[in-house]
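Contents: one structure, followed by commentary.
Labels below follow one simple rule: chain letters A, B, ... track the order of the sequence lines, proteins then strands, and each chain is numbered from 1.
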Amino acid sequence: MTTVPIPGDWPTTEEQARAVQDGLRTRVVLDEPGPPPGTGHVTGVDVAYDDERDVVAAAAVVLDAESLDVVAEATAVGRVSFPYVPGLLAFRELPTVLAVLDALPCPPGLVVCDGYGLAHPRRFGLASHLGVLTGLPTIGVAKNPFTFTHDDPDAPRGSTAPLLAGDEEVGRALRTRDAVKPVFVSVGHRVSLDNACAHTLALTPAHRLPETTRRADALCRRALRGTAPA
DNA sequence: GCGACAG
DNA sequence: ATCTTGTCGC
């Protein structure tokens, strides 16, 4: 496990953070389809917090996209770098997530984030931000619709409904299990929305949430507990 | 102005 | 995110 310093130039105020987003948003690449589902590596990243102790733990779990077997794992711990502010989640998660990806012994391939990419007030959520900073193809799979609206997808797994910001489709509500609450998929960087949904379905053979995020969630919680006082 | 709001 | 027991169902 690695320990993470907060970058010296990390934003301190919401105003600074929004300015960073506005400066980087033009770098998002939207005209690539991304890797085909079921090939290469797919990596889940997630973060757990203990705000009382000011500790954050991140985990990355690399899966073989075809078998969904675990290929590699890494964890990293650090200090909380930003408070939770809707729309500025990336500033809370990124330092530790970048470090944990660096700590992996192999290329991550497609990165699946817990949260949003383009579906964001300034079209630059966590998944897009991570993609721009690393150059990696990324998607966001969120558990809640945030501020966006959508119709309820049909009951069968695989059904979708547009995630809307006004009349703009910023993502998709995707049913990953029959008659179970959908997940909310959006493009991060260098992946099409259709492909992002296809990946999400490939990663949900048995549960509502992708195997990538389930594995990463379990691992970062374990890592956080591992930092508890002896 | 007030409420809602990824994790 | 996190606080939290048992319980219903595949």
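- With a 4.5 Å cut-off on side-chain heavy atoms, A/Val187 and A/Leu193 count as touching.
- Here the range on DNA chain C touched by chain A, meaning any atom under 4.0 Å from one of its heavy atoms, is C/dA1 to C/dT2.
- A 4.5 Å side-chain heavy-atom check between A/Thr138 and A/Ser128 finds every atom pair outside the cut-off.
- Contact annotation for A/Arg221: backbone-only contact, meaning every heavy-atom pair under 4.0 Å involves sugar-phosphate atoms and none involves a base.
- Between A/Asp152 and A/Arg175 there is a salt bridge, since at least one side-chain N of the basic residue sits less than 4.0 Å from a carboxylate O of the acidic one.
- Put simply, A/Leu126 and A/Phe124 are part of the same group of oily side chains (I, L, V, M, F, W, Y) that touch within less than 4.5 Å, one to the next.
- You'll find the side chain of A/Val71 reaches within 4.5 Å of the side chain of A/Cys106, heavy atoms only.
- Looking at A/Ser81, its side chain does come within 3.5 Å of a backbone N or O of A/Phe91 through a donor-acceptor pair.
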Take nucleotides 1-7 of chain B nucleotide by nucleotide from the 5' end and write B, S or -, depending on whether a protein heavy atom sits under 4.0 Å from the base, only from the sugar-phosphate, or from neither. ----BBB

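- Between A/His199 and A/Val141 the shortest side-chain heavy-atom distance does not fall below 4.5 Å.
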For Watson-Crick and G-U wobble pairs within 3.5 Å on both distances, what is DNA chain B written in dot-bracket notation, | included for inter-strand pairing? .......

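- Using a 4.5 Å heavy-atom cutoff, the side chains of A/Glu32 and A/Pro137 are not in contact.
- With respect to A/Val47, the side-chain contact (heavy atoms from CB on, under 4.5 Å) criterion is satisfied by exactly one of A/Asp217, A/Val100, A/Val56: A/Val56.
- At a threshold of 4.0 Å, the pair A/Arg221-A/Asp46 does not count as salt-bridged, since none of the basic side-chain nitrogens sits closer than that to a carboxylate oxygen.
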